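As the structure is a prediction and not an experimental result, all values here were calculated from the model.
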Amino acid sequence: MIKTLAKSIREYKTPSILSPIFVAIEVILECLMPLVIMEFIARISPTGVSSTEAVKMSTILTYGGILIGMAVLSLITGMLSGRFAARASAGFAKNLRKDMYYAIQDYSFANIDRFSTSSLVTRQTTDVTNVQMAYMMIIRVAIRCPLMLIFSLAMAFSVNVTISWVFLALVPVLAAVLIVVIFKTHPIFEKVFHKYDNMNRSVREDIKGIRVVKSFVREDFEKQKFEASSEDVRKDFTLAERIMAINGPVMQFCIWLSFLLIFLLAAIITANNLEAGIAVGDAVVGEEQLTVLIMYASQILSAVMQLSMVIVMIIIARTSCERIVAVLNEKSNIVSPENAVKEVKDGDIVFDNVSFKYSANAERFALEGVNLHIKSGQTIGILGGTGASKSTLVNLIPRLYDTTEGNVYVGGVNVKDYDLEALRNKVAMVLQKNVLFSGTIKDNLRWGKEDATNDEMLRVCKLACADDFIQRFPDKYDTYIEQGGTNVSGGQKQRLCIARALLKDPKVLILDDSTSAVDTKTDAMIRKSFRDEIPNVTKIIIAQRVSSVQEADQIIVMDGGKINAIGTHEELLASNPIYREVYYSQNKIGNANAAEGGESHE
């Protein structure tokens, strides 16, 4: 996990190294300052070296200057370490987000199915922020605390060995509390981030479907749903914070206990020395020693306290790290092979005994035993009920998914042998869910061809019957489209998506129920323009309306993930009950009238 995350540091290695270096210098200075203070107190004390007032003032100025210089230098190194730590952590977070975003772009549909949209958003925002904060604390505070602990202990032992054992006795107590906190809180944070996903999903669904929410007057229900998910997050965080709050009181107790034990041991040592007949000057633990030991006690225990905060942050970030690494390590199961074919000869399509299921653990196939040959330039219609696997069938052609069994061929070549970019550039697909991006109409059309000219865009828009309504906009092709295409109608959105697909100059054009929001007259005009203007392009039209496919060269009727029948409109009307039922229901003709000699039902 650490190795994977470390790859995202890249150009921020230098500040990541400089920050601990300056932290080390800062710690050394802070640990030396109490020794200078001890020497300073010893010199100006009544029993010290400095006897006259002039000498004492000189000593004060000398040691005062040294302490001020050390403090300023410590301040500068602290500021530099903070600056480098901030730059390194912010850059690390930037690279993490970029690496995750790029990784997601390479995902196949199967990979995307493993992560929900809300989960991916949480991982790129909240999780990355947690890791950023933890990284900043690791390269600064986590370096500072152990160094401060080690140096302060060493210095304390150099001042008074007996009293310094107090620190070694208290550190294990603090460590034991930290270990308990870690083991108790980590499972809670693992659970809480999954609940974060649910909360984000609730927000996303509400915002995306706000028109539906308002039209059905479901605002109160959505508020309750969000409040429930938000309350789940609050409960878990409260429980974790309650456990972590033990740190503070335990630390404060240990600090004050250490002060008490230092004074107690100093008094005992002094009393024992005096009883042993040692001279008063040598028997007493001097005020300079007590002052320094108190300072080192504060440094040691505050270092442990800060270390506990770092560990808590790392506990939170550990779960976030695992979630981020899961995204980075997820490799697309659909990649271009070596020596891939880069040219699609024509739009000839063959399904050779194809079966498919979305998950290896699925009990049944979504698509089973499909054998199909579509000649280049043919127009193929596909009909079937909801869940008949119509979209699943066409998703295999541009290799959005790989077959579980059997093979799919386009232009006489197995789709697995093609370069993915070359294949998908020649197999244009207008998906069931039409998506337009924020930008002008031209910007959206150029998704099909980046360097498309105005004439090329005008041509495809006329083919898709989109030019008429575009010309009615004040800014015409420079009209701004809001995110998701919310400022155009469903039918207009579908026609723009069809035009965008046509700009790719495809060998195969797949319309997955992409004219459902278009009126029948416009639908007929689109099909006529396809027939007249792009006769050599293989056209596959998934539709719910029989009128959209009845002029197709072949119509495929699907049922339960299998091909139920294939034929022309007339052949299927005469021989296939599913097709006949759909046709008659849409044309308001009773089934009884379809039977020979049947009686019409009004």
Side-chain angles (χ1 to χ4, degrees), residues 1-27 76-104 115 119-150 178-179 181-183 185-190 192-194 196-197 200 237 240-241 244 247 302-330:
M1 182 171 71
I2 294 174
K3 189 176 179 181
T4 302
L5 292 173
K7 292 177 182 176
S8 297
I9 298 174
R10 291 196 292 275
E11 68 270 29
Y12 296 98
K13 284 181 182 177
T14 300
S16 297
I17 293 169
L18 287 175
S19 179
I21 290 172
F22 282 110
V23 164
I25 297 171
E26 180 189 13
V27 168
I76 293 170
T77 54
M79 290 173 62
L80 287 172
S81 69
R83 178 171 181 169
F84 285 122
R87 185 185 300 173
S89 60
F92 176 52
K94 180 201 74 173
N95 286 346
L96 266 183
R97 289 192 181 96
K98 185 167 72 173
D99 292 345
M100 288 174 70
Y101 189 80
Y102 286 4
I104 293 167
F115 301 97
S119 177
L120 288 173
V121 170
T122 305
R123 290 168 201 245
Q124 285 210 307
T125 51
T126 305
D127 287 333
V128 171
T129 301
N130 289 336
V131 173
Q132 176 184 348
M133 293 300 296
Y135 184 68
M136 183 170 65
M137 295 186 99
I138 286 169
I139 62 175
R140 193 178 181 204
V141 183
I143 298 294
R144 174 189 169 85
C145 294
L147 289 176
M148 180 68 78
L149 192 62
I150 293 167
L178 283 177
I179 290 169
V181 169
I182 290 169
F183 279 100
T185 55
H186 181 252
I188 298 173
F189 283 118
E190 278 189 334
V192 81
F193 281 112
H194 290 296
Y196 251 130
D197 293 345
N200 283 345
F237 259 121
E241 292 290 345
M244 290 190 296
N247 270 339
S302 66
V304 176
M305 184 181 292
Q306 289 178 19
L307 191 61
S308 71
M309 293 170 59
V310 173
I311 291 172
V312 168
M313 192 66 233
I314 290 173
I315 293 169
I316 298 172
R318 179 182 164 188
T319 304
S320 294
C321 287
E322 290 168 354
R323 287 158 55 86
I324 290 169
V325 169
V327 174
L328 294 174
N329 285 342
E330 181 76 13

Nearest 0.5 Å, what's the [atom1]-[atom2] distance between [X] and [Y]?
X	Y	atom1	atom2	result
Thr4	Ile324	OG1	CD1	11.5 Å
Glu26	Met148	CD	CE	7.0 Å
Thr77	Ile21	OG1	CD1	12.5 Å
Met133	Ile314	CE	CD1	12.5 Å
Cys145	Met137	SG	CE	8.0 Å
Phe84	Ile17	CZ	CD1	11.5 Å

Quiz item: Can you tell me if Ser19 uses its side chain to pair, donor with acceptor, with the backbone of Ser16 under 3.5 Å?
Solution: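 Not a single qualifying donor-acceptor pair exists.
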
Quiz item: Backbone N or O of Gly91 within a donor-acceptor pair of the Arg10 side chain at under 3.5 Å?
Solution: no

Write down the atom of [X], the atom of [Y], and the distance for their closest heavy-atom approach.
X	Y	answer
Arg97	Thr125	NH2-O, 3.9 Å
Ala86	Met136	CA-SD, 4.2 Å
Tyr12	Arg87	CD2-O, 3.8 Å
Ile104	Leu120	CD1-CD2, 3.9 Å
Arg123	Arg323	NH1-O, 2.8 Å
Asn95	Ile9	ND2-O, 3.6 Å

Exercise. Report the relative orientation of the aromatic rings in Phe92 and Tyr135; use parallel for angles under 30°, tilted for 30 to 60°, perpendicular for over 60°.
Key: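 Tilted: the ring planes of Phe92 and Tyr135 meet at 30° to 60°.
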
Quiz item: Does NZ in Lys13 sit with more than 12 non-hydrogen atoms of other residues, nucleotides or ligands closer than 6.0 Å?
Solution: no

Quiz item: Side-chain contact, heavy-atom cut-off 4.5 Å: Val128 with Met100?
Solution: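 They are in side-chain contact.
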
Practice problem: Taking the side chain as every heavy atom from C-beta outward, state whether Leu96 and Leu328 have any atom pair closer than 4.5 Å. | Solution: yes

